[in-house]
Structures are given as C-alpha cells and as structure tokens.
Amino acid sequence: MIHNTCFKCKRRFELDPVLVGFELSKLKKKNPAHYQAICPACRVVNKISVKEMQTELDAVSDQVEAMRAEFEENKARAKAEKAKKKKDE
C-alpha cells in the first residue's frame, strides 16, 4: 500500500498500487511526474510524486499489465457491440 497524508486536512490514507499503476497507464502522457489522489475525507486533490511510488509500482507491474489488458479487451468488446447495434438499426 502507498501511504499518503493530505496536505489540507492532514489525514493519512492509503492507495492501492495496482489501481494507481492502472490509472497512470491510462494517461496520454507517457511518463507522468505526479499522480493526483483525492483525499477521502476532504476531497482535495493531492499531487503525489511518481518517483516516490516507483518501487511499489514496479512490484505490481505484472498485475497492472493484466488489468490494462482486461480493460482494453472490455473496451474493444463494448465498441464492437455498439457498432453491431448501430448496424442492426
């Protein structure tokens, strides 16, 4: 788990490294410098350095890739179903 402290309310919260890695892989920017985490208490966006999280992200890279592949597969399936539905009309 990635531990973070909100800069506004000072509450500590944890981030799942698999979800963080997945969200970073979905970004259009190839090498983002920061991840924007939303504090669960006050809903303020906290910028977290990717360099600080890199060891945790490297440890779960295979899980991130599996999640990314599943996401792309579901996205392609939904697009195909939408095209088929549109064609049938």
Side-chain angles (χ1 to χ4, degrees):
M1 287 293 172
I2 300 169
H3 301 284
N4 188 37
T5 303
C6 179
F7 73 92
K8 184 177 179 185
C9 69
K10 307 298 185 228
R11 180 177 176 175
R12 292 189 52 85
F13 59 96
E14 295 179 341
L15 300 171
D16 184 14
V18 176
L19 293 177
V20 171
F22 175 69
E23 291 296 326
L24 289 173
S25 70
K26 285 187 355 184
L27 295 176
K28 292 180 182 177
K29 191 174 179 181
K30 292 291 181 190
N31 295 319
H34 295 90
Y35 174 73
Q36 296 180 347
I38 299 174
C39 175
C42 66
R43 302 287 184 220
V44 170
V45 175
N46 292 275
K47 284 174 57 177
I48 304 170
S49 174
V50 173
K51 286 183 180 180
E52 293 176 7
M53 300 184 292
Q54 197 62 51
T55 55
E56 288 92 350
L57 294 175
D58 290 341
V60 295
S61 62
D62 54 340
Q63 294 174 347
V64 171
E65 288 302 318
M67 190 176 203
R68 177 75 177 172
E70 182 181 341
F71 172 75
E72 292 296 330
E73 182 181 318
N74 290 339
K75 188 176 172 183
R77 187 179 305 126
K79 187 176 181 180
E81 288 175 3
K82 185 177 178 182
K84 183 180 178 185
K85 192 178 209 182
K86 192 171 189 176
K87 185 179 178 182
D88 290 342
E89 290 178 348

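Only heavy atoms go into these numbers, but all of them, side chains included; no hydrogens, no water, no symmetry mates. Quantities reported herein were computed from a predicted structural model and do not represent experimental measurements.
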Asker: Has Lys87 got more than 12 heavy atoms of other residues, nucleotides or ligands less than 6.0 Å from its NZ?
Answerer: no
Asker: Connecting only ILVMFWY residues whose side-chain heavy atoms lie within less than 4.5 Å of each other, what is the rest of Val20's hydrophobic cluster?
Answerer: Ile2, Phe13, Leu15, Leu24, Leu27, Tyr35, Ile48, Val50, Met53, Leu57
Asker: What residues, two or more places apart in sequence or in another chain, satisfy side-chain contact (heavy atoms from CB on, under 4.5 Å) together with Glu81?
Answerer: Arg77
Asker: Please list, chain by chain and in numerical order, all residues satisfying side-chain contact (heavy atoms from CB on, under 4.5 Å) with Lys75, sequence neighbours excluded.
Answerer: Phe71, Glu72
Asker: Closest approach of Phe22 and Arg68, non-hydrogen atoms and distance?
Answerer: CE1-CA, 3.8 Å
Asker: Which pairs count as side chain to side chain donor-acceptor pair (under 3.5 Å) when at least one residue sits in residues 36-54, sequence neighbours excluded?
Answerer: Gln54-Asp58
Asker: More than 12 heavy atoms of other residues, nucleotides or ligands under 6.0 Å from CG of Asn74: yes or no?
Answerer: yes
Asker: Residues in side-chain contact (heavy atoms from CB on, under 4.5 Å) with Gln63, at least two apart?
Answerer: Val18, Val60
Asker: Please, which pairs that meet side chain to side chain donor-acceptor pair (under 3.5 Å) have at least one residue in residues 2-13, sequence neighbours excluded?
Answerer: His3-Glu14, Thr5-Arg12
Asker: Just wondering, more than 12 heavy atoms not from Leu19 lying within 6.0 Å of its CG?
Answerer: yes
